[in-house]
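Below: the structure, in structure tokens.
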Amino acid sequence: MTVTPHRRTPTHARRRLFLAHAGGVVLSHACGVVLPHACGVVLAAAARGAAAQGTRKWRVGWLGWQGAVGGTASALALAAFRSGLADRGWVEGHDLELLVRNGDRPRSGELAAELVQQDVHLLVAQGPMVFGAKPVAAGRPVVFCINGDPVEAGLVSSLARPAGNLTGITALSTELAGKRVELLQAAAPGGKRLAAVANDVHPGVAIDRAATQAAARQLGLSLAWYGLQSAADLEPALDRVARDGADMLLAIPDALINGQARLLAGFAAARRVPSLSGWSEFAEAGNLMSYGPSARGYFRQLAGIADRLLRGARPADVAVEQARDLELVVNLRTARAIGLQLPAELLLRADQRIE
Amino acid sequence: MPTNASSEAAPAAPGRPPRATLRRRYAGIFVLLVSLPLLADGLVTATLIYRQQREALAALQLAQAETSAVRIQQFLREVELQLAWLTALPWSAGAAPQRRLDVLRTLRQAPAITDLVLLDGQGRERVAESRLAISRLDSGADRSVSPAFAGARAHGSYRGDVTFRKGSEPFLTLAVAGPGPDGSVAIAEVNLKFIWDVVSRIRIGQHGLAYVLDRAGRLIAHPDINLVLRNSDFSDISRAFAAAPPGPGPATALQLRGSRGAEVLASSVVLQPTLWRVVVEQPIDEADAPLWAAARGALWVAAAGLLLALGAALWSAWRLTQPLRVLAQGAQRIGAGELSHRIALSSGDELQQLGERFNAMAVELQASYGSLERQVQARTRELSEANQAKSRLLAAASHDLRQPLHALNLMVAQWQLDPAAAQRQGLAARIAQAIDAINALFDGLLDVSKLDAGVVTPQPQALPLQQVLDRMDLSCAAAARAKGLDLRIRACAGWTHSDPVLLERIVGNLVGNALRYTRQGGVLLGCRRTTAGWRLAVWDTGIGIAPDEQARIFDEFYRAPGGGAAAPEGLGLGLSIVARLAALLGHGVHLRSVAGRGSCFSVDLPAVPAQAAPPAAEPALGDALQGRRVLVVDNHEPVLHGTVQLLRGWGCSVQGLPCLPSDLHDLGPAPDLLLVDLHLDRGDDGVAVAERLRAHFGRALPTLVMTGDVTRPTRERIAAAGLPQLEKPLSALRLRSALTRLLARG
């Protein structure tokens, strides 16, 4: 008799089955949670690895304005710009490369062309350098930071929509012209003669002049305008000021004038005349006052614009920003040295006092 | 032979394809039963999670929007607070310088304010300070018609519409009026870029943000300041929110194109009284991320569950069909003829029962096949024995027939050769002898076939034993004398109940056998009284029968091998006839024999009281036939001729016809006897002929049917017609006695 043995599942086999089932459920849960995360981590690492191999490094070209005397303004501006970009997540050397060229207005076109040849994605032009960069940019975005009105300067069609490949930030110097004259008048009670020193080559200087003139007329002051062609012209201009006599000295802020702050401070202190310009370093250099946007905030704003452009926005879509924070910096030491008793409203207004 | 039966239902392959479909079906059903609920559950869960997630998100976004709104209100209220402080005291003449200082202080403290103007109770400008424009002191300009003055006077505070200076920067006019009907009013121009600080600090998830739209849908505050400076118009978003029904149920987040162009989920809150809309939005991908994570998790679980289910299904289906496989295999083997195969299943359920039933069936089959085989073997043996017997018969018959026929040939030839009378007489006797031998042969055969056919019907009656003994003496004495044997018959006065003719045949065969197989000595015939009745015994001192032969000698055609030179005569049917007749009459037959010494055959007969008179003796063979008219109808010419001549020799007037004439009147007057052959020419039937003649002559003519057809149907047909019959060949004596009896009966 042939026998084909066939046993029923013994208990231990059923236990095995249960364990297998339980194990399967646990495994599936682990898969459902761990696996996608693991995949995500792996993929992210791969992406970062790919990125780390330097597939996309942005090149930014900085056209700094270098006056005849030193480049502090430019250096400060650049430092502020750099920190602004770093705050927004750009790591220099890793995904960002900054090419710096410093020069003056005549050389701006040549320097800009050089940067363009270096294949920069973005050009940042300080002050008047934008005018040389504009024709050679060849479609690349150009970020400007000027004192005057960019619409008047012909850089953009409107502040809200630049509609070109230029955008940037403005220091509102035209709007502030009247205020500056008023502050000077408050500092020099009884003074009637206002001397204004300005860089005549600076675009929009005519508008500045007109605004200053209007303000002076409104406040009942006489305006003497001393235009400079270059930094070398300052000394003779100041001699003329001394000869003509002035109660207040207004230095129309621009990169050239900013570079001559110390000189002007020395002159003002000697003549015991209150002097005022746009940038805080003017007051720090020894002048009595400065009223304008804070440099640090100003260039950080610029970095914000550059960051937006680097992240893919079109310059035509990036509105021109105006400096937001205005500060009145008063150098009390200078006041004491000149022997000025500053009125309460001036002191009240001061955002920063230099002791 | 069982192979055909099993392969009728199954295809050529030994049953494998059906088994696989069962397993697949089980597996499929199992998978379906598990996977469908799983999928359904997954879908339901996903839907619920989706809905819950959206509701939670909407609630969260609403809370965030409200928080942002609160902060923005705070911002504006702070400015209003400053203005309120400025207008706390009513305007008095000459207060301008002092007030100017207050204004300057306020400007210091609230950097958002760009211009601040103080109006006296009549709406004349007293102090105007600005961060950009030249200040004015006590200008006295009438500003009472300005909406800011009027609104502040009417409601205590005023918030104007948002304007964009230089088409870029958003500014808001705020005005606060001092207490009393004469209170001064402070109007401030607020640079809304400073709200950016508030709005940019609001964090929602990773990429969510909050922004503010004014009444007309223009963007006035956004973490991305550039969008504000561009005067982005989000009036469609504003309209979408305005159109959404507020509803009492849980808040729903709107899905729309967000401020940065991507698809977002957004909720909003309206600020009073400026009717600004604070919108909180979050990219849809980020908002739904947890949902997709949950969905992925659920999908993994479902997939794993499905795989598990499939595995479990296949495994359990295999396990389920395993006993079935064993059963199928077992059934196939049993069907193929391995009846000794037993299916061993120990699953403890109905399948095991089925296996046991299969086994029981196999046992039954085995037994029945065994018995069938045995039966078949027995039958085959019988058949082969019968065949052998028949062959023996044919051999013997042909041999025995040949002898007398050969003798006849010789004798007839001699007759033709030598017509001398004396010789003829001797020859005639020898011819008669030869014919007797042939007749005896056929008689023997006929008797056996008649007995086999069961046509012989015994007619038992009371008869004296002595009658049988006397008849034996009469018939066998001469033969005994011829062989030199001593035949002694003891008398007996007893009576018995039996058929006299058949009993005579029995005893005659026994005595004849005894004489045949005894070479010297004698034969004793006698009766003895026993408790049951009479025992008629035939003793002989013959060659005897060996014990192993004693059973077989009653078989047909069996002749015991004779030890002597003389070959035994006869066909070996005698004892078989004896046995059959005895069985028919109900008499027992016994045999005792010692080889070389002799045998004793005995027949048990019942005993009956003696009757008064012996039955009438048979009528003597007188000349009953003399002068009778006989009609003979036979189509065989020689037979017809011989019969006619013989009858004429006996004194009858005979008319012989091969067939009936068409007109029966040609036959003349009615005969006394009718002799017909059964099978006549042209399909005529002797029985029909007899009936026609009987009908024609109008009475029941005594008829004798003679036929060579010994088959049972024929015999029965003739018996059914009520006509006596005789089988050819038969001796003249018998014919004569038969005719005499017929006439005697009338």
Side-chain angles (χ1 to χ4, degrees), chain A residues 1-9 17 20-21 23-33 35-37 149 151 158-161 167 172 175-176 178-179 181-182 185-186 214-215 218-219 291 301 304-305 308 313 317-322 324-326 328 344-351, chain B residues 97 100-101 104-105 107-108 111 129-135 164-169 191 193-194 196 224-231 293 296-305 307-308 311-312 315-316 319 322-323 325-326 329-330 333 338 340-349 355:
Chain A
M1 184 173 100
T2 52
V3 175
T4 48
H6 196 78
R7 309 218 67 83
R8 186 165 55 148
T9 327
L17 175 65
H21 192 89
V25 172
V26 168
L27 191 70
S28 67
H29 271 295
C31 281
V33 173
L35 217 60
H37 280 292
D149 187 352
V151 177
S158 77
L159 289 180
R161 277 154 224 270
T167 186
L172 299 162
E175 282 93 339
L176 295 170
K179 204 68 193 174
V181 170
E182 185 193 317
Q185 195 194 34
Q218 190 175 344
L219 294 166
Y291 183 63
Q301 252 182 303
I305 296 173
R308 215 173 272 126
D317 293 336
V318 178
V320 175
E321 290 191 36
Q322 298 172 49
R324 196 183 72 167
D325 307 305
L326 300 169
L328 174 64
E345 56 251 29
L346 205 62
L347 289 170
L348 263 178
R349 262 193 245 190
D351 296 297
Chain B
R100 187 179 176 218
L101 290 178
L104 287 172
R105 207 176 282 121
L107 279 178
R108 265 291 301 283
E129 279 297 327
S130 167
R131 291 188 200 271
L132 298 175
I134 297 171
S135 322
F164 287 81
R165 281 200 191 170
K166 285 191 169 184
S168 175
E169 297 205 335
N191 185 347
K193 281 203 298 192
F194 286 85
W196 178 85
D224 185 1
I225 194 75
N226 187 43
L227 285 173
V228 177
L229 296 174
R230 289 188 63 217
N231 299 333
R296 262 203 310 278
L299 226 79
W300 278 108
V301 170
L307 279 172
L308 217 71
W315 181 82
S316 67
R319 279 203 54 86
Q322 181 68 351
R325 250 202 304 281
V326 169
Q329 270 175 3
R333 287 172 77 168
E338 267 185 61
S340 56
H341 176 64
R342 298 286 173 263
I343 297 168
L345 282 176
S346 52
S347 57
D349 59 2

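Both backbone and side-chain heavy atoms feed into the values below; hydrogens, waters and symmetry mates do not.
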Minimum side-chain heavy-atom gap A:Glu321-B:Leu229 below 4.5 Å:
yes
Distance (rounded to the nearest 0.5 Å) between A:Leu348 CG and B:Arg100 CZ
10.0 Å
Applying a strict 4.5 Å limit to non-hydrogen atoms, the region of A:Val320 in contact with chain B is backbone
Please find the pair of heavy atoms, one from B:Arg230 and one from A:Ala319, that lie closest to each other, and give the distance.
CG-CB, 3.9 Å
Counting heavy-atom pairs under 4.5 Å to chain A, which of B:Gly167, B:Ser168, B:Ser135, B:Pro111 comes out on top?
B:Ser135
At a heavy-atom separation under 4.5 Å, does A:Gln218 approach chain B through its side chain, its backbone, both, or neither?
side chain
Does any part of the side chain of B:Ile225, heavy atoms only, come nearer than 4.5 Å to the side chain of A:Arg308, both counted from C-beta?
yes
Could you look at A:Arg161 and say if it's the side chain, the backbone, both or neither that has a heavy atom under 4.5 Å from chain B?
side chain
So, the part of B:Phe194 with a heavy atom under 4.5 Å from chain A: the answer is both
Given the options B:Leu227, B:Asn191, B:Asp224, B:Asp349, which has more heavy-atom pairs under 4.5 Å with chain A than any of the others?
B:Asp224
Given the options B:Leu307, B:Leu107, B:Leu101, which has more heavy-atom pairs under 4.5 Å with chain A than any of the others?
B:Leu101
Can you name the closest pair of heavy atoms from A:Ala350 and B:Arg108 and give their distance?
O-NH1, 2.9 Å
B:Lys166-A:Ser158 side chain donor-acceptor pair, cut-off 3.5 Å
no
Please tell me if the side chains of A:Val181 and B:Ile134 come closer than 4.5 Å, counting only heavy atoms from C-beta onward.
no
Contact part of A:Ile305 toward chain B, heavy-atom cut-off under 4.5 Å: side chain, backbone, both or neither?
neither
Name the region of A:Ala313, side chain, backbone, both or neither, that has any atom closer than 4.5 Å to a heavy atom of chain B.
neither
Non-hydrogen side-chain atoms of A:Glu345 and B:Glu129 separated by less than 4.5 Å:
no
What closest approach, in Å, do A:Asp317 and B:Asn226 show between heavy atoms, and which atom pair accounts for it?
O-ND2, 3.1 Å
Starting at CZ of B:Arg131, measure out to CD of A:Glu175 and round the result to the nearest 0.5 Å.
15.0 Å
